[in-house]
Amino acid sequence: MSEVYNHKIVEKKWQKVWDDEKAFKVENDYSKPKYYALVEFPYPSGQGLHVGHPRPYTALDIVARKRRMQGYNVLYPMGWDAFGLPTENYAIKNKIHPKVVTKNNVQRFKEQLHALGYSFDWDREINTTDPNYYHWTQWIFLKLFKAGLAYKSEMPINWCTSCKVGLANEEVVNGVCERCGSEVVRKVKSQWMLKITEYADKLIEGLDSVDYVEKVKVSQKNWIGKSEGAEVDFIVKGKEEKLRIYTTRPDTLFGVTYMVVSPEHPMIEKYKEDIKNWNAVVEYKEMAAKKSDFERAELAKEKTGVVLDGLTAINPVNGKEIPIWISDYVLMTYGTGAIMAVPAHDERDWEFAKKFGLPIIEVVAGGDVQNEAFTNVATGTIVNSDFLNGLEVADAKKKIIEFLSEKGIGEKKVNFKLRDWVFSRQRYWGEPIPIIACDKCGYVPLEESELPLELPEVDSYMPTDNGESPIAAMTDWVNTTCPCCGGPAKRETDTMPQWAGSSWYFLRYTDPDNNEALASKEALNYWLPVDWYNGGMEHTTLHLLYSRFWHKFLYDNKIVPTSEPYQKRTSHGMILGENGEKMSKSRGNVVNPDDIITEYGADTLRTYEMFIGAFELSASWSEDGVKGCRRFLDRVWKLQDMITDDLEYSSDLETKMHQTIKKVSADFESLKYNTAIASMMALINEFYKKNQVTKGEFKTFITLLNPVAPHITEELWSILGFEGKIYQATWPEFDEEKTVENTIEIAVQINGKTKGTIAINREEAKEDVIAKAKEEIADKLTGTIVKEIYVPGRIVNIVQK
RNA sequence: GCGGAUGUGGCGGAACUGGCAGACGCGCUAGACUUAGGAUCUAGUGGGAGACCGUGCAGGUUCGAUUCCUGUCAUCCGCACCA
């Protein structure tokens, strides 16, 4: 009899062996077929690994291990996305250098990941905070700058009125500062921006060539939010100024009854003198400044606004004079910051008009516009619109745009919801932006030879009270000479956002120690694109889009060989607490992976996280479920007491063996880890029924299980004395013909309801099957038979009246 | 508000291009082994005494719907300076 399985000894033992052998070190061996599997590198937080982390890591570890067994040269790397706010805040609070905090956190994470037995190639570990790494982050920034894709712009930031620092959105809770509870307002600051909008069309088009799960593609498309419409100039009465608006519905131009501009719109200040209710306007502007864009759009059940008393606009198509309002539902960041309001055919305009008693004019027939906005564009016909009358919406759009262009009062315009990327942070713990500001020469890029531009040591990590990065206080570092004219100049003191380092990290893994380039051409040509990239849905619109943008830019500059970075993208669901809520300290439902590894073992944790449910959906933690997986592995362990010397499959299990190999192989590649494990459980249940398993069956079985539970299977492999190590074994093959059973049981239905079953031969002729079926349900065949249906190998359905 | 998803036993979840709903696991019940069992093994387990009824709800298409269509309700997630 075998002893009880001791995971503590076995897991440590094999982890050491794999380390000593450098089992998963991968060479740039260009003669072998490559496979690049990638998971999002973690932010090494102070809390240590969360049970959510192992879910995606195990999933791709399974794929990586399986692919190695199938003869691929597999790159499965890991690193640290270590710049960021929590580390900096921790450093401020505890007066420890963020570098030290990061080092400690990384070490803890690494130990935890190591204890899970992942097949990462640790020789390729990277860290975004390493100057040898951010050298190249800065280098890419310089390329973007030189290409005109990085520019400075006035952008609002969250400003705590008490701490006098800029805050991240996350640090603003219910409109007040998370730390001190004081009011947070929006303050305009000059910021570095990246022109991602320049790549908006390419980012949409590129989606056609990649294999992403559909919801990721849809999310990205919606985020980019391409819409086709028109810009139209309205005339401000009595002024030279034209007020330009953007609309997706130029066909409704005759239905305009008022205009709305965003509270930040520059025309308001410009015509200050003409506005009679200036105090009310100022008051409204102040109120709006306190809200984020999100809050403004959020559940805005009650529309608010103030009319600009003294200013009116002229509708360019019919000369009508209409009022101009300000309201916070119009955002300065989308379109032109001004809209024409057509209450009859837009819900927000309709609500606004109802509230303030503004007229509603129907211009598309088909609805009851006094009672609700009619927004259906598919069926409408234009009315009350002069030369557009009688046209369908789509035709009217074309005609009005032609008209506007001819008259020079408007034009067709494609707009994107996507906004340029705010690339500045007034923080310490980020990559310095390698730009020098010179009074004479403007913004001058640092010479490439000067990179990396390292973060200076500072006394305090707290932002200065005028909202600048703590680096600004380091005058020795800040004051420099202009590379262009040699005169006195100042370094940029803002740093890059955390997203910078993660926008290209997958390139660095291909050649992590290169000091001449971000990676060699040969390495990039061989490894790119990433074959399979898995990450969270929450990164779909930011990280994933940002990194595609950088990659496309690098591709256009012939630095990388592929137009898309990732061939395939999948997404895992969250792991929730036992109570079905998100795990959090405040809810007290956090599970620590270390505890699970100690008590049940890494293999159990890996198995459980794969078995917990559909990979793409969120799932609740269950300690009983963990126990069930441990029981499964114990049953696997005990199989060694029922092994026979037979190296073949036994005849009664041959079909089952081939079916299982087929199913497990396919499921591992299609995110169906839960059903792969279920089928392996079903297989050992068969062994247990017979109380016997052949050596051949056992060898195949543990090979299939190895990617999921690498330690226990390595130990069993060694106990049985199979050759070499299991991680070097060959993936089992199946014979398609042998997966098919000859005799099968099928259901017999009457009018679609199952009444019995019959056993048939797969090849049996229809007549024979139907005859058999009728015999089976003879006593229930009481009516007239109308139809007899036989779907080969599936079902018989007798339709009777 | 905009966008994305999800609703199936007591619970987590299966079900290929529409074809025996509930695989696999948990829990529960009974039995075996045992001084003992919170270990292990074996059997059973959607509801109903039954004809039958059952995949959020209401319709529809079909010989046949968890799967397709229309409407509806509920829940969860993201929203650009958290990562």
Side-chain angles (χ1 to χ4, degrees), chain A residues 4 40 42-43 45 81 83-86 155 157-158 166-172 191 196 214-216 218-219 221-223 225 292-301 329 333 347-348 417-427 497-499 502 536-543 545-546 573-574 576 580-582 608 611-614 616-629 631-632 634-635 638 672 674-682 685 688-689 691 745-757 786-789 791 793-800:
Chain A
V4 173
E40 287 169 348
Y43 175 71
S45 73
D81 189 13
F83 277 128
L85 202 56
M155 287 298 292
I157 61 166
N158 300 310
L167 300 176
N169 284 350
E170 194 188 56
E171 298 175 295
V172 183
Q191 311 244 51
I196 188 173
E214 197 53 31
K215 61 180 173 180
V216 169
V218 171
S219 286
K221 274 183 197 154
N222 287 329
W223 185 260
S292 66
D293 286 0
F294 174 45
E295 284 170 318
R296 286 184 183 195
E298 182 187 29
L299 309 171
K301 284 177 191 120
Y329 79 92
T333 47
E347 271 167 43
R348 286 168 307 176
K417 275 197 199 123
L418 183 68
R419 310 204 290 256
D420 277 342
W421 176 4
V422 183
F423 202 69
S424 295
R425 300 290 184 272
Q426 292 72 46
R427 292 282 175 171
Q498 169 277 337
W499 307 111
S502 61
M537 263 322 268
E538 69 276 20
H539 291 121
T540 301
T541 48
L542 299 180
H543 160 63
L545 205 60
Y546 290 155
M574 257 194 301
L576 306 171
E581 291 173 14
K582 212 169 169 172
Y608 175 64
F611 187 62
I612 190 168
E616 297 200 74
L617 303 180
S618 53
S620 303
W621 187 265
S622 153
E623 179 121 10
D624 281 336
V626 176
K627 286 180 191 162
C629 289
R631 193 173 299 159
F632 164 62
D634 282 333
R635 278 162 72 82
K638 284 185 288 185
K672 294 164 89 176
N674 53 339
T675 52
I677 292 168
S679 71
M680 288 190 275
M681 287 172 168
N685 288 346
Y688 268 79
K689 259 183 214 159
N691 200 29
E745 195 175 74
I746 62 165
V748 180
Q749 303 182 325
I750 294 176
N751 298 345
K753 306 247 184 228
T754 304
K755 300 293 176 185
T757 58
V786 190
K787 206 172 177 184
E788 293 166 345
I789 296 160
V791 182
R794 295 228 185 263
I795 205 160
V796 175
N797 189 12
I798 310 288
V799 184
Q800 69 172 12

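Numbers restart at 1 for each chain; the letters A, B, ... are given by sequence-line order, proteins then strands. Just so you know, these numbers come straight off a predicted model, no measurement behind them.
- Residue A:Ile798 is classed as having no contact, given no heavy-atom separation below 4.0 Å to the nucleic acid.
- Rounded to whole Å, the C1' atom of B:A15 lies 11 Å from the corresponding atom of B:C20.
- Note on A:Gln191: a base of the nucleic acid sits closer than 4.0 angstrom, heavy atoms only.
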Strand RNA chain B in bracket notation, Watson-Crick/G-U under 3.5 Å with | for pairs to another chain: (((((((..(((......[....)))((((((.......))))))((....))..(((((..]....))))))))))))....
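- Among the protein residues, A:Leu85 comes within range of the sugar-phosphate backbone only, with heavy atoms under 4.0 Å from sugar or phosphate atoms but none that close to a base.
- Heavy atoms of A:Gln426 sit under 4.0 angstrom from at least one base atom.
- Residue contacts shown for A:Glu347 are absent, as no nucleic acid heavy atom lies under 4.0 Å away.
- Note on A:Lys787: every side-chain N or O is 4.0 Å or more away from OP1 and OP2 of B:U62.
- Of the possible donor and acceptor atoms, one in the side chain of A:Glu40 sits under 3.5 Å from a partner among the backbone N and O of A:Gly536.
- Contact annotation for A:Lys755: backbone-only contact, meaning every heavy-atom pair under 4.0 Å involves sugar-phosphate atoms and none involves a base.
- Among the heavy atoms of the strands, none lies under 4.0 Å from A:His543.
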Protein-to-nucleotide contact annotation, 5' to 3' order, nucleotides 22-27 of chain B [B base; S sugar-phosphate only; - none; under 4.0 Å, heavy atom]: -BBSSS
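- Toward the 5′ end of RNA chain B lies the nearest nucleotide of A:Leu576, the other residue of the pair A:Ile157 and A:Leu576 mapping further downstream.
- At a threshold of 4.0 angstrom between heavy atoms, the contacts of A:Thr754 are confined to the sugar-phosphate backbone, with no base atom among them.
- If you check every strand for non-hydrogen atoms under 4.0 Å, A:Val791 touches a base.
- A gap of 15 Å separates the P atoms of B:C16 and B:A23, to the nearest Å.
- Counting any heavy atom pair closer than 4.0 Å across all strands shown, A:Phe632 reaches no nucleic acid atom.
- Counting any heavy atom pair closer than 4.0 Å across all strands shown, A:Ile789 reaches a base atom.
- With B:C81, B:C79, B:C63 as the candidates, the nucleotide lying closest to the side chain of A:Trp223 is B:C79.
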